[in-house]
2 protein chains.
Amino acid sequence: MNVNYSNNNTEESACKVTDTICLPDSDLPRVVIIGGGFAGLALTEKLKHKEIQVILIDKNNFHQFQPLLYQVATSALEPDSIVFPFRKQFNGYKNVVFRLAEVEEIQASSNIIVTDKGTVEYDYLVLATGTTTNFFGVENVEQNSLGMKDIRDSLNIRHLMLQNLEQAAITCDDDERDALTNFVIVGGGPAGVEMAGALAEFCKYILPKDYPEYPSSIMKIYLIEAIDELLSTMSEKASTKTLKYLKDLDVKVLFNESVSDYDGSIVTTKSGKTIFAKNLIWTAGVKGQFPKGIDEKHVVKGNRIRTGSFLMVEGYENIFAIGDIAAIITNETPKGHPQVAQTAIQQGKYLGNSLLKIINDEAVKPFEYKDKGSLATVGKRKAVADLGKFKFAGYFAWLLWSIVHLMSISGFRNRLMVGFNWAVSYFTYEKSNRLIIRNFKPKSSVNNPKK
Amino acid sequence: MNVNYSNNNTEESACKVTDTICLPDSDLPRVVIIGGGFAGLALTEKLKHKEIQVILIDKNNFHQFQPLLYQVATSALEPDSIVFPFRKQFNGYKNVVFRLAEVEEIQASSNIIVTDKGTVEYDYLVLATGTTTNFFGVENVEQNSLGMKDIRDSLNIRHLMLQNLEQAAITCDDDERDALTNFVIVGGGPAGVEMAGALAEFCKYILPKDYPEYPSSIMKIYLIEAIDELLSTMSEKASTKTLKYLKDLDVKVLFNESVSDYDGSIVTTKSGKTIFAKNLIWTAGVKGQFPKGIDEKHVVKGNRIRTGSFLMVEGYENIFAIGDIAAIITNETPKGHPQVAQTAIQQGKYLGNSLLKIINDEAVKPFEYKDKGSLATVGKRKAVADLGKFKFAGYFAWLLWSIVHLMSISGFRNRLMVGFNWAVSYFTYEKSNRLIIRNFKPKSSVNNPKK
């Protein structure tokens, strides 16, 4: 048992940002990786058991499998099935250290990063900080709608949705009930399409059982897309099939539309339409996020960091960027590479190999992207696939989508969980428990509890 | 799509407490049950498919299996395994209606309850609102420690524990690391004993793998009990065996001790000892919780409601209390019945049967409690059991404990989940994912982020 001594003493020492974060002593070159998404994790895996000290810093203690966030949002999966703790991942990696902290600033001149928990020195720094939701400056939308970029977003969507469905059972006001049960999804990319499909499934199979109070027709789902096609990065076949699948599920798709205003109850579109909905999910855009300290002149469109084809940030000797925030801008890739998992994973693996060479003063080849194709699913047993010249849709595409995603999830237990849940819902149309564990309100309503 | 109309209109109509909560029309007598714990759920099950309209009101949309809260707190189980949504439970119960609301007041004179979402009329009212943590007025302890009475408490404990373990890896201050990795559990009843055992297991099997930074000896677990034995409601054999099991797991048990002060870092005991710990879990007492409106003179020790042996609240014709808040005080039960699940379930079933009789003007028998015995587990493969004159401990008791609890959980899926997780951890000592999904701070530290 401890002897009694001053408490201030510890209060003093409790994480002042001037402190240095405690790390194991090592004479090895130190690579500090900020962010454990697909890119950061792939890089760490490449560097494990090597003559390098690897420090992974993330604001979460887990890796997230973002492609399935929409299934957590719609209660198809529980969060613990698609997130995996770094420390479990790194069991037995003697040269890898995880620290839970949020990086606030890069001091490149002195090779130091400043976090909310203290400072860390680096020999090589890798930014793998990914993207966040981009509301394109529409303040009201940002205040009243929900993005879907991490596990907390998914849980917020789930909780808001379930709370609104409960409130719809309580209210005697038809208009309010209508607003509470209408869903608007903005953005016709994979996230928006998959979210719309999953919501439509929920409406079709869960709502009638859980809410006998009202017909499933009461829940309306709108998908708003700024241009005239869905999944614009995929083939025309994929986008037309996707539209058909969504229509079969009664999703109302609005093309060439965008949201000009939203007050938490009424969505106003550019063309002047209004949709009455208390559920607005925003998947229309992302922007890079990274700590301050990187010279502005290297930041390009979408708040991404311009790198050379070796993924080194221009103007720095020992700072690299990988994944969604990295933009290798060449004639072949004027917009950089697509901001998807496979780019991130390939860049993580590439940098792992080239860092080992760089540290040993060996020559490195530039990064080359291999497009392995795209998959997107629309509700149960339907998906679209573009694999090189093979473009197909339907049940087989869905089966492929399921296998690819199941195999990509970290951790045997998670695969088992996801597989189990999918199997149950495949045969029974039953989904996992629908729990409101935290009461969620959009940002705005903190000051306006009525909303 | 909705036509455009005033937003204020809905804002106005959004849940004013003067509104009535929307309910299906019915000529049947209406029984309103407040609280869907063991008692409320057992009552609802008895009344399903009967000529009665049953309204269950709960502030959560799920039933909680409280006996396993400590396993969620220690990352052995995920929350969705031990909570079960009411609407799923009530699928196909045509006469049962669930409403998510928090009851604020009972207006007995007019047979109305007032909730945060609106009012509800009743013919018969049943209070099954259970208990909450009792800090016995020690303000500092209440501000800085964590209770363990519902699923949010468990998640708070889990998140605080994991955050503190991460901070322990970050700090270079030995004293702070010590405080961050020390755990104090107050209360030697089943909850405290099972929590201490589970923490000790975590320390023994998870910590060394996840936190190679430091030896498992760094995590110290203290159990503080006010009298001179553990599990005082069970047999002497049970309490001595439990003590042995905990000592085998290196839990430091302090008898005849209580906590006089806690500032979030230093626990001060009545006898003047100090323990340096940032993790204090309080299981030392409970008190009844129920909405205002019940005549004070019927409220007895532990904030329970005195009822006759028919569980009718004294002084009222159509208000009943069941479960932890009900106290039938007679010569045989001067303190009322034990506040445990089996009492709640028996009272729920009893009241279901007698309400049917009361509504049909038939005579009812008084409630009779059948003690089915007690079980408590201490870490893996060890438990104590008092079944009538059969008192035993060890592996078989643990097996019995596992089976009894597995069978008592609502929902096939939940049983499968819990069974699966237990099986995995039985063979591998591996537990489920350890995720910090929400950043938790004790109440006090909201104003003092350093704590």
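Letters A, B, ... mirror the listed sequences (proteins, then strands); counts begin at 1.
- We find the CG-CD distance between A/Leu100 and B/Gln167 to be 8.5 Å, quoted to the nearest 0.5 Å.
- Counting heavy atoms of neighbouring residues, nucleotides and ligands inside a 6.0 Å radius, atom CD of B/Glu257 exceeds 12 of them.
- Residue A/Phe90: no heavy atom, backbone or side chain, is found under 4.5 Å from chain B.
- Without hydrogens or angle criteria, B/Arg87 side chain to A/Pro212 main chain gives no donor-acceptor distance under 3.5 Å.
- Annotation: the span from B/Asp210 atom CG to A/Gln89 atom CD amounts to 12.0 Å, rounded to 0.5 Å.
- Taking all atoms of both residues into account, the shortest heavy-atom contact from B/Arg99 to A/Ile170 is CD-CG1, 3.6 Å.
- Taking CG of B/Asn60 as the reference point, atom CD of A/Glu166 lies at 11.0 Å (rounded to 0.5 Å).
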Show your working on side chain to side chain contact (heavy atoms under 4.5 Å, CB included) between B/Cys22 and A/Arg177 and close with a plain yes or no. CA-CA 11 Å; B/Cys22 190; A/Arg177 186 182 302 114; 4.1 Å; yes
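- Counting heavy-atom pairs closer than 4.5 Å to chain A, the top residue among B/Tyr211, B/Phe420, B/Phe98, B/Phe86 is B/Tyr211.
- In this structure, the portion of B/Leu416 lying under 4.5 Å from any heavy atom of chain A is its side chain and not its backbone.
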